[in-house]
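A note on names: the letters A, B, ... follow the listed sequences, proteins ahead of strands, and every chain is numbered from 1.
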Amino acid sequence: GGARTALLCWAFARGRGGKFLLRIEDTDQKRSSDAASVGFLKDLDWLGIDWNEGPEWTRPDGRTVGGGPNGPYFQSERVATYDHHLGRLLDSGAAYYAFDTAEELDAKRKAATARGEAFRYRIEGPAIPRAEAERRIAAGESAVIRFRTPVAPITIVDEILGEATLPAGEVDDFVIRKADGFPTYHFAVVVDDELMGVTHVLRAQEHFNNTAKHIVLQDALGFRRPTYGHLPLIFNPDGSKMSKRDKDKTLRKAVEDRKLSGPPAGTVDEATFAAWRKDKNMQLEFASAERLAAALDVALPEINVDDFRRSGYLPEVLCNFLALNGWSPGGDREKFDNEFLARTFDLKRVVKTPAKFDRVKLLAFNCDAITGMPRDEFVRRSRLHGEACHAEFLERLTAEQFRLLAEASHERSKTLDDLYRGNRWLVTADDAVEFADAKPARKAMLEGTPSGLELLRGVRGTLGGLAAWTRESLETAVTAFAAERCEGNLGRIAQPLRVGVTGATVSPPIFDTLAILGKDATLRRIDRCLAAWEARVGVKAG
RNA sequence: GGCCCCAUCGUCUAGCCUGGUUCAGGACACCUCCCUUUCACGGAGGUAACAGGGGUUCGAAUCCCCUUGGGGUCACCA
């Protein structure tokens, strides 16, 4: 969702010669971290989204983006500015100090709920005089600053949704500075938008009601009002909100399905596990979640941009698909790049309804893009992906082996990750290949006359005598063997060979598979396979 | 629950503003068949939607109202 918002903001600005401004809204000390900010910049960079103004960032290619005359672009570094404008509001009486404790507010909320009403904080009569309030704070009391919201209707003009008017009294005296001295989001945003010269704001629809707060603040501060556009939300296919919690949800379900009472060994410690099971809102750390998922053998849903990157999606495809959730260029066109999006995007064509994020369609788009790219580009990009995500896999292959593997995998890859996920057999030691007694393997080895097992024994001899070991020489030799032994039916011999070298029945085309593996490994594996299957079915050697 | 918003195939959407050219188009998924050395890919067909009810109009998916349904929001989070 955040990525789509950024993409559309970028496209909107670029399409009309504007500037895309990136601001880090880190006024919540509990939830903000440098790592998170850097991760966000990295994600945008990977997606191909750059910003004209904002945090400085040096891309992997050495180019630096960001900076600008209106910094700092981290709100946590702008507190003095906010305090200045807070002072203006305090001076004019448009804002006031409030000393309510969390318990008091909670009690009032409960009481309102009991009456079937929504709780709205609203001061009655004069506020505690500023001087007195500041004395109490100096003496150690905790206080927030609230905005004295005028009791009047508020009209929001939105370029996507149209116009909406909230009745008078709907917006309460909301907090604009927290007890820790940081402004709330609402206040910081309003000040920054003015100071940074923001003319257009595109954000998710969940902010729609917040815009009313921003409008009353702008009026009180004498600020200009940007043009707003509220983007439809993105949901999971089941209609639930897409959130980072979905990973924990998946894990919780797996833990329950397996009726686990404690954490699997080497994942998380007992105490963390127990606390996590008890508190449904608690999120496991990234590494812990990964370990637990591996131990439970479940796939974590892709949620963050980085998840999609690691799953082997192409950034240009992700952008394309993200834009399609909530916008379309009209007509039947679906495939486009970011440049097209920038040229064509406009608010009038943004839909008003929330979209369910369909990973299956995303995968189909990714597959189309991969199939459509030149072979060399696929080899290059899948290698890059491997360097980032599968270093240990690449280490076990020569450059030539990788090239053969990538070329053979191109047309059957839906993601850049498929070749790594689907070819573990290649990086398994020859004597560690397992010849499982699975149904498809059984069929390949035992059915027919002669049986797959017999054919494999026969072709092993042919292969053993081969001088050249290339796809072409293998094809010539095996085809001749098939013509002689099984009426030219290549399938009868291809499958036993697959089982022989990979242990199972799925791999790239068989001659590619053998060529990539190499002669020695192929023969060693076939011998082990023969031994394993003959022992299994009681065939006497020879 | 209050307030606000929304409503076309299972999903993303085109069409709606500027009613007739649409017994509603595309894509993904699904089904059938073909291709095929596995897995994929590919090819040819097919099923499938204007939430319901009232208006307005010669005529409504398109305009209006109601109902129903969905969503957002009601924090010292953003």
Chemist: Checking A:Ser311 now: which residues fulfil side chain to side chain donor-acceptor pair (under 3.5 Å) with it, not counting sequence neighbours?
Modeler: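 Result, side chain to side chain donor-acceptor pair (under 3.5 Å) vs A:Ser311: A:Glu302.
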Chemist: Can you sort out the partners of A:Thr371 under side chain to side chain donor-acceptor pair (under 3.5 Å), two or more places apart, ordered by chain and number?
Modeler: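 Expected list: none.
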Chemist: Using atom C1' in both nucleotides, what's the gap between B:C31 and B:G10 to the nearest angstrom?
Modeler: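 Result for the C1' pair: 14 Å, nearest Å.
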Chemist: Would you classify A:Val175 as touching base, sugar-phosphate or nothing, given that sugar-phosphate means primed atoms plus P, OP1 and OP2, and contacts are heavy atoms under 4.0 Å?
Modeler: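 Sugar-phosphate: the residue A:Val175, judged by heavy atoms under 4.0 Å, touches backbone atoms but no base.
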Chemist: State which residues pass side chain to side chain donor-acceptor pair (under 3.5 Å) with A:Thr27; sequence neighbours excluded, sorted by chain then number.
Modeler: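 For A:Thr27 there are no side chain to side chain donor-acceptor pair (under 3.5 Å) partners, ignoring immediate neighbours.
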Chemist: In whole angstrom, give me the gap between the C1' atoms of B:C66 and B:G15.
Modeler: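 Rounded to whole Å, the distance is 26 Å.
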Chemist: May I ask you to evaluate whether A:Arg109 reaches the phosphate of B:C76, defined as a side-chain N or O under 4.0 Å from OP1 or OP2?
Modeler: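 Yes.
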Chemist: Kindly write out the residues that satisfy side chain to side chain contact (heavy atoms under 4.5 Å, CB included) with A:Ala127, not counting sequence neighbours, or none if the list is empty.
Modeler: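 Only A:Tyr96, A:Ile123, A:Arg148 meet the side chain to side chain contact (heavy atoms under 4.5 Å, CB included) criterion with A:Ala127.
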Chemist: Where the side chain of A:Ala164 is concerned, which of B:C5, B:G2, B:C12 is the nearest nucleotide?
Modeler: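 Shortest atom-to-atom distance from the side chain points to B:C5.
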Chemist: Provide the closest heavy-atom pair for A:Leu416 versus A:Ile370 in the form atom of the first, atom of the second, distance.
Modeler: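 In this case the closest contact between A:Leu416 and A:Ile370 is N-CD1, 3.8 Å.
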Chemist: Counting only side-chain nitrogens and oxygens, does A:Arg146 get under 4.0 Å of the OP1 or OP2 atom of B:C76?
Modeler: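 So the side chain of A:Arg146 is within the cut-off, an N or O lying under 4.0 Å from OP1 or OP2 of B:C76.
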Chemist: Which atom names give the shortest non-hydrogen contact between A:Leu202 and A:Thr5, and what distance separates them?
Modeler: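 Taking every non-hydrogen atom into account, O-CG2, 3.5 Å.
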Chemist: Of the options B:C4, B:C12, B:U38, whose atoms approach the side-chain atoms of A:Leu324 most closely?
Modeler: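 My answer, after comparing the listed nucleotides, is B:C12.
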Chemist: Looking only at side-chain atoms of A:Leu166, point me to the closest of B:C3, B:U38, B:U11.
Modeler: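 The answer is B:C3.
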Chemist: What is the nucleic acid contact for A:Asp100, judged by heavy atoms within less than 4.0 Å: base, sugar-phosphate only, or nothing?
Modeler: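 Answer is base: heavy atoms of A:Asp100 come under 4.0 Å of a base.
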Chemist: Quick one: salt bridge (charged side-chain N to carboxylate O under 4.0 Å, His left out) partners of A:Glu447, sequence neighbours excluded?
Modeler: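 So A:Glu447 forms no salt bridge (charged side-chain N to carboxylate O under 4.0 Å, His left out) with any residue.
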Chemist: When all nucleic acid strands are considered with a 4.0 Å heavy-atom cut-off, which category describes A:Thr165: base, sugar-phosphate, or nothing?
Modeler: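 The answer is sugar-phosphate, as A:Thr165 gets under 4.0 Å only of primed atoms, P, OP1 or OP2.
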Chemist: Can you name the side chain to side chain donor-acceptor pair (under 3.5 Å) partners of A:His200, sequence neighbours left out?
Modeler: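 So A:His200 forms no side chain to side chain donor-acceptor pair (under 3.5 Å) with any residue.
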Chemist: Taking the same atom, C1', in B:C4 and in B:U62, what whole-Å distance lies between them?
Modeler: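 Taking atom C1' in both B:C4 and B:U62, they lie 25 Å apart.
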Chemist: Under the rule for salt bridge (charged side-chain N to carboxylate O under 4.0 Å, His left out), what residues qualify as partners of A:Arg460, not counting sequence neighbours?
Modeler: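 A:Arg460 satisfies salt bridge (charged side-chain N to carboxylate O under 4.0 Å, His left out) with A:Asp527 only.
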Chemist: Does A:Glu170 reach a base, just sugar-phosphate, or nothing at all? Heavy atoms under 4.0 Å.
Modeler: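 The answer is base, as A:Glu170 lies within the cut-off (heavy atoms under 4.0 Å) of a base atom.
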Chemist: For the side chain of A:Ala118, starting at C-beta, report the closest nucleotide among B:C3, B:G1, B:C76.
Modeler: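 From the listed options, B:G1 comes nearest.
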Chemist: Can you tell which of B:C6, B:A78, B:A75 lies closest to the side chain of A:Lys178?
Modeler: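 Out of B:C6, B:A78, B:A75, the nucleotide with an atom closest to A:Lys178's side chain is B:A78.
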Chemist: Select one nucleotide: of B:C6, B:U37, B:A27, the one nearest the side-chain heavy atoms of A:Gln495.
Modeler: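 In terms of side-chain proximity for A:Gln495, the closest of B:C6, B:U37, B:A27 is B:U37.
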Chemist: May I ask you to say what A:Pro509 touches in the nucleic acid, namely base, sugar-phosphate or nothing, with a heavy-atom cut-off under 4.0 Å?
Modeler: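 The answer is base, as A:Pro509 lies within the cut-off (heavy atoms under 4.0 Å) of a base atom.
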Chemist: Do any N or O atoms of the protein come closer than 3.5 Å to N or O atoms of nucleotides 70-72 of chain B, and which pairs are they?
Modeler:
unit_1: B:G72; atom_1: N2; unit_2: A:Asn209; atom_2: ND2; d: 3.4

Chemist: Taking the P atom of each, how far is B:A61 from B:C23, in whole Å?
Modeler: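 It works out to 10 Å between them.
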Chemist: Determine the minimum heavy-atom distance between A:Gln283 and A:Asp248, stating which atoms define it.
Modeler: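 Where A:Gln283 meets A:Asp248 most closely, the heavy atoms are CA-OD2, 3.3 Å.
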Chemist: Can you tell me which residue among A:Glu134, A:Glu141, A:Arg146, A:Arg136 is in a side-chain hydrogen bond (donor to acceptor under 3.5 Å, both in side chains) with A:Tyr97?
Modeler: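 Looking at A:Glu134, A:Glu141, A:Arg146, A:Arg136, the match for A:Tyr97 under the side-chain hydrogen bond (donor to acceptor under 3.5 Å, both in side chains) is A:Glu134.
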Chemist: For A:Glu484, what residues pass the salt bridge (charged side-chain N to carboxylate O under 4.0 Å, His left out) criterion, not counting sequence neighbours?
Modeler: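 None.
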Chemist: What N/O pairs connect the protein and nucleotides 41-52 of chain B at under 3.5 Å? Give each pair on its own line.
Modeler:
unit_1: B:C41; atom_1: OP1; unit_2: A:Lys414; atom_2: NZ; d: 3.1

Chemist: What integer number of Å spans the C1' atoms of B:U13 and B:G54?
Modeler: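 Straight-line distance between the two C1' atoms is 29 Å.
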Chemist: Using the P atom as the reference point in each nucleotide, state the distance between B:C39 and B:U47 in Å, no decimals.
Modeler: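 So the two P atoms sit 29 Å from each other.
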Chemist: Across the strands shown, which category fits A:Ala179 at heavy-atom distances under 4.0 angstrom: base, sugar-phosphate, nothing?
Modeler: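 Base contact - A:Ala179 has a heavy atom under 4.0 Å of at least one base atom.
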Chemist: Give me the distances for all protein-to-nucleotides 14-17 of chain B N/O pairs that come in under 3.5 Å?
Modeler:
unit_1: B:A14; atom_1: OP1; unit_2: A:Ser328; atom_2: OG; d: 3.4
unit_1: B:A14; atom_1: O3'; unit_2: A:Arg349; atom_2: NH2; d: 3.2
unit_1: B:A14; atom_1: O2'; unit_2: A:Gly331; atom_2: N; d: 3.4
unit_1: B:G15; atom_1: OP1; unit_2: A:Arg349; atom_2: NH1; d: 3.0
unit_1: B:G15; atom_1: OP1; unit_2: A:Arg349; atom_2: NH2; d: 3.3

Chemist: Describe the nucleic acid contact of A:Thr353 in one word from base, sugar-phosphate, nothing, applying a heavy-atom distance below 4.0 Å.
Modeler: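 A:Thr353: backbone/sugar contact only, no base atoms under 4.0 Å.
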Chemist: Quick one: are the ring centres of A:His385 and A:Phe378 less than 6.0 Å apart?
Modeler: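 A:His385 vs A:Phe378: aromatic centres not under 6.0 Å.
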Chemist: Please measure how far the C1' atom in B:U21 lies from the corresponding atom in B:C16, and state the result in whole Å.
Modeler: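 Their C1' atoms lie roughly 16 Å apart.
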Chemist: What I want to check is whether an N or O donor and acceptor connect the side chain of A:Glu334 with the base of B:G26 at under 3.5 Å.
Modeler: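 Pair found.
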Chemist: Give A:Asp26 one of three labels, base, sugar-phosphate or nothing, depending on what nucleic acid heavy atoms sit under 4.0 Å from its own.
Modeler: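 Here A:Asp26 touches no strand at all.
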Chemist: Please give, in whole Å, the distance from B:A40 P to A:Ile510 CD1?
Modeler: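 That distance rounds to 16 Å.
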Chemist: Assess whether one donor atom and one acceptor atom, taken from the side chain of A:Lys361 and the base of B:A29, lie less than 3.5 Å apart.
Modeler: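 Flag unset: no donor-acceptor pair detected.
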Chemist: Name every donor-acceptor pair, under 3.5 Å, that has one atom in a side chain of residues 325-332 of chain A and the other anywhere in the protein, sequence neighbours excluded.
Modeler:
unit_1: A:Asn325; atom_1: ND2; unit_2: A:Phe321; atom_2: O; d: 3.0
unit_1: A:Ser328; atom_1: OG; unit_2: A:Gly330; atom_2: N; d: 3.4

Chemist: Provide the distance between the two C1' atoms, one in B:G20 and one in B:A29, to the nearest whole Å.
Modeler: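 Here B:G20 and B:A29 have their C1' atoms 34 Å from each other.
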Chemist: Looking at A:Thr27, I'd like to know whether one of its side-chain N or O atoms comes within less than 4.0 Å of OP1 or OP2 on B:A78.
Modeler: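 Yes, within the criterion.
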